S.K.: 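Dropping the structure in here first, questions after.
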Amino acid sequence: MRLRNRLKQWLPAILWAVVISAASTDAFSSSHTSTVFLPLLHWLFPGAGPEALERMHFFIRKSAHFTEYFLFSLILLQSLRGDEKGWRLRWAIWAVAIAAGYSALDEFHQSFVPSRTASPWDSLLDTTGAAAAQVVLGLWRFMRR
């Protein structure tokens with residue numbers, strides 16, 4: 001029964017890791033997301049030129065890195081703390097470490113996808129998102145006391 005409960009606690013983190021991995025496939029390469037985002041951005045900002053639209057598309061893609069790992073870190077913390085409540089620095093460090101490791105593996109995976117490129121800068125951005133989530137949680141917890 002204990003193993004079943006632990007698996008249940010880790011299921012959201014595992015599912016989010018699957019989402020992250022799916023986003024690292026060819027289907028979410030820049031060339032594919034541009035077919036969705038560039039027309040939408042052009043519609044939202046009709047006066048923007050091609051360079052401005054490309055910069056906005058780039059910003060959206062990089063924001064996705066930060067956001068998906070921000071959320072991953074929150075989910076990991078929930079899994080790590082199990083049935084306990086609150087926030088502990090030890091859990092936060094583990095959440096960021098796991099997210100950073102997964103980010104490195106994810107970038108390594110992308111090196112095998114022809115339409116993707118592996119970038120240590122993306123991994124750093126991912127890790128920054130994970131760390132930011134823990135800083136926000138830690139500060140929120142501190143302010144509530």
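This one's a predicted model, so the numbers in the text were calculated from it and none came from an experiment.
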S.K.: Looking at CZ of Phe66 and CG of Leu71, how far apart are the two atoms once the value is rounded to the nearest 0.5 Å?
M.R.: 10.0 Å
S.K.: Is any side-chain heavy atom of Asp122 less than 4.5 Å from a side-chain heavy atom of Lys62?
M.R.: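 Contact flag for Asp122/Lys62 side chains = yes.
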S.K.: Over all heavy atoms of both residues, which pair between Ala95 and Leu77 is shortest? Give the atoms and the distance, please.
M.R.: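 Smallest interatomic distance, heavy atoms only, reads CB-N, 4.1 Å.
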S.K.: Side-chain contact test, heavy atoms from C-beta onward, threshold under 4.5 Å: evaluate it for Leu7 versus Leu11 and give yes or no.
M.R.: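 No, every pair of side-chain atoms sits at 4.5 Å or beyond.
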S.K.: Is the closest side-chain heavy-atom distance between Glu107 and Pro120 below 4.5 Å?
M.R.: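 Answer no - side chains too far apart.
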S.K.: Check for me, please, whether Leu137 and Ile93 land in the same ILVMFWY cluster - side-chain distances under 4.5 Å, paths through other members count.
M.R.: yes
S.K.: Considering all heavy atoms of both residues, which atom of Leu74 and which atom of Ala133 are nearest to each other, and what is their separation?
M.R.: CD2-CB, 3.8 Å
S.K.: Rounded to the nearest 0.5 Å, how far does NE2 of His65 lie from CD1 of Ile20?
M.R.: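 Ile20 CD1 to His65 NE2: 10.5 Å, rounded to 0.5 Å.
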S.K.: Apply side-chain contact (heavy atoms from CB on, under 4.5 Å) to residues Leu15 and Ile75 and explain how you reach the verdict.
M.R.: CA-CA 10 Å; Leu15 291 175; Ile75 296 166; over 6 Å; no
S.K.: Determine, using the 4.5 Å side-chain heavy-atom cutoff (strictly less than), whether Ile98 and Val19 are members of one ILVMFWY cluster.
M.R.: yes
S.K.: Check the side chains of Trp16 and Glu68 for a donor-acceptor pair under 3.5 angstrom, ignoring hydrogens and angles.
M.R.: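 Per modelled atom types, Glu68 and Trp16 side chains form no pair under 3.5 Å.
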S.K.: Check step by step if side-chain contact (heavy atoms from CB on, under 4.5 Å) holds for Trp94 and Leu76.
M.R.: CA-CA 8 Å; Trp94 273 109; Leu76 284 168; over 6 Å; no
S.K.: Yes or no on side-chain contact (heavy atoms from CB on, under 4.5 Å) for Val113 and Thr25, after CA distance, side-chain angles and deciding distance?
M.R.: CA-CA 7 Å; Val113 180; Thr25 63; 5.8 Å; no
S.K.: Check whether any side-chain N or O of Ser103 sits under 3.5 Å from a backbone N or O of Ala99 as a donor-acceptor pair, and report yes or no.
M.R.: no
S.K.: Using the rule given for side-chain contact (heavy atoms from CB on, under 4.5 Å), can you reason through His57 versus Thr33, listing the C-alpha separation, both sets of side-chain angles and the distance that settles it, and then say yes or no?
M.R.: CA-CA 8 Å; His57 178 235; Thr33 59; 2.8 Å; yes
S.K.: Side chains of Trp10 and Leu80: closer than 4.5 Å at any heavy-atom pair?
M.R.: yes
S.K.: Quick check against the 3.5 Å criterion: does Ser73 have a side-chain atom that pairs as donor or acceptor with the backbone of Tyr69?
M.R.: no
S.K.: Hey, does the Lys NZ or Arg CZ of Arg144 hover above the aromatic six-ring of Trp140, less than 6.0 Å from the centre and inside 45° of the axis?
M.R.: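 Output yes; distance and angle both within limits.
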S.K.: Hydrophobic clusters join Ile, Leu, Val, Met, Phe, Trp and Tyr when side-chain heavy atoms are under 4.5 Å apart, directly or via other members; which others share one with Leu53?
M.R.: Phe37, Leu38, Leu40, Leu41, Trp43, Leu44, Phe45, Met56, Ile60
S.K.: Taking all non-hydrogen atoms of both residues into account, name the closest pair between Ser21 and Tyr102 and its distance.
M.R.: OG-OH, 2.5 Å
S.K.: Short question: side chain of Ser79, backbone of Gln9 - any donor-acceptor pair under 3.5 Å?
M.R.: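 Yes; at least one donor-acceptor contact below 3.5 Å.
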S.K.: For Arg81 and Trp91, indicate whether the former's side chain and the latter's backbone hold a donor-acceptor pair under 3.5 Å.
M.R.: no
S.K.: I need the His109 NE2 to Ser24 OG distance, nearest 0.5 Å.
M.R.: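 Here the rounded value is 6.5 Å.
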S.K.: Closest heavy-atom contact between Ala92 and Trp87?
M.R.: CB-CZ2, 3.4 Å
